[in-house]
Amino acid sequence: MEPTNPAGLPEHIPTHVAIIMDGNGRWALARGLPRLAGHRAGTENLRRIIEACIEFGVHYLTIYAFSTENWGRPQEEVQGLLHILEDVIDRELQELSDQGVQLHHIGRLDRLDPTLQKKVLHAIEYTRENNRLVLNVAFNYGGRDEIVYAIQHMIKDGVQPENVTDEMVSQYLFTAGVPDPDMIIRTSGELRGSNFLIWQGAYSEWYFTPTYWPDFDKEQFRLALEEFSHRERRYGHVSETEGDLAQHA
Ligand code: IPE
Ligand code: IPE
Ligand code: MG
């Protein structure tokens, strides 16, 4: 059993947690509410999880808020999600900043209307000096789109094929400078990646839970961290314990 620190937290807290915040629609449906009520409840929950990250010592949190494929949802839902993003910036920016959150955006801003683009850029600039938690908001984000965008920029910059390396590709992604996620959590019971961090997640530990996102509370988050703490990350090598056993055989 992994030793726990005095706060009851697992010994190995991941540096970077990424979350596919899924299940808002089903959460609402189960309560006879419109889907947008589920998205609003999901936003409320995000506040709790941000606080938990700060308390537990997670330094990077990446959240999947809107995918490049989500434009295909009914117009009313898409507009509602865009409105929620704007509303969160308008109402919560100061508090997030006071908590020490540094905001980033991953994905493309160009499909958002200019006013919203400006608000996002302002929020990033406003929180630039904060350093308790880096919050990457994936909005209009797609893993494939991100790789296409990186390739386009490498070509524009005249990068020669023999100079392309793993590290260089990482530096051309929206997440340049951010360590790869140690753990990716997906709520709502779906067992797929849905175009999220497909490059950066190459060696992430996945954690799936049937809980819908609005109900994924601090205690459930702590349990996910606990589980992470028991995982052995082998990166294609052999188990450390197996190596020990072989040596003593
Ligand atoms: C996740 O919840 C939020 C977004 C994709 C914006 P969903 O809206 O996908 O909820 P379900 O999967 O339909 O329950
Ligand atoms: C992934 O969830 C995107 C976000 C959580 C923002 P979806 O609900 O869009 O994914 P699929 O359609 O189940 O794969
Ligand atoms: Mg979904």
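In each ligand, atom 1 is the first atom listed, and ligand 1 is the first ligand listed. Bear in mind the structure is a predicted one, so any value in this text is a computation, not a measurement.
- Heavy atoms of Glu69 found under 4.0 angstrom from ligand 1: none, in either backbone or side chain.
- Short contacts between ligand 2 and Arg73, defined as distances under 4.0 Å to a heavy atom of the residue, involve ligand atoms 7 (P), 8 (O), 9 (O).
- The presence of a protein heavy atom under 4.0 Å from atom 12 (O) of ligand 2 is ruled out.
- For Glu76, the CD atom sits in a loose shell: 12 or fewer heavy atoms of surrounding residues, nucleotides or ligands are nearer than 6.0 Å.
- Some N or O of Ser194 is nearer than 3.5 Å to an N or O of ligand 2, by distance alone.
- Not a single heavy atom of Ser188 sits less than 4.0 Å from an atom of ligand 1.
- Checking Gln200 against Thr175 by side-chain atom types alone, a donor-acceptor pair falls below 3.5 Å.
- Proximity of Phe196 to ligand 2, defined as any heavy-atom pair under 4.0 Å, is not found for any part of the residue.
- Each of the following atoms of ligand 2 lies closer than 4.0 Å to a heavy atom of Arg192: 11 (P), 13 (O), 14 (O).
- Shown in contact with Phe66 at under 4.0 Å from a heavy atom are these atoms of ligand 2, numbered in order with element: 6 (C).
- Scanning Met21, Arg186, His39, Arg26 for the heavy atom closest to atom 2 (O) of ligand 2 points to Arg186.
- Nearest N/O/S atom of Asp22 relative to the Mg ion (ligand 3): this is OD1.
- Residue Ala65 approaches ligand 1 through these ligand atoms, each under 4.0 Å from one of its heavy atoms: 6 (C).
- There is a side-chain donor-acceptor pair under 3.5 Å between Arg186 and Ser194.
- Counting heavy atoms only, Asn70 comes closest to atom 9 (O) of ligand 2 of the residues Thr187, Asn24, Asn70, Leu81.
- Heavy-atom contacts from other residues, nucleotides or ligands closer than 6.0 Å to OH of Tyr126 number 12 or fewer.
- In this structure, the protein non-hydrogen atom closest to atom 10 (O) of ligand 1 is Gly25 N, 2.9 Å.
- Of the possible polar contacts, none joining the Asp157 side chain to the Val159 backbone as a donor-acceptor pair under 3.5 Å is found.
- Contact of the Asn24 side chain with the Arg35 side chain is not registered, since no non-hydrogen atoms from C-beta on lie closer than 4.5 Å.
- Ile185 places none of its side-chain heavy atoms less than 4.5 Å from the side chain of Phe208.
- Side-chain contact, Ser170 with Trp199: a donor N or O sits under 3.5 Å from an acceptor N or O.
- The neighbour count for Arg47 CZ, taken as heavy atoms of other residues, nucleotides or ligands under 6.0 Å away, is above 12.
- Both cation-pi conditions hold for Arg31 and Trp27: the charged atom is under 6.0 angstrom from the six-membered ring centre and inside a 45 degree cone around its axis.
- The shortest N or O to N or O distance between Trp27 and ligand 1 is not below 3.5 Å.
- Applying the 4.0 Å criterion to heavy atoms of Asp22 picks out, from ligand 2, the atoms 2 (O), 8 (O).
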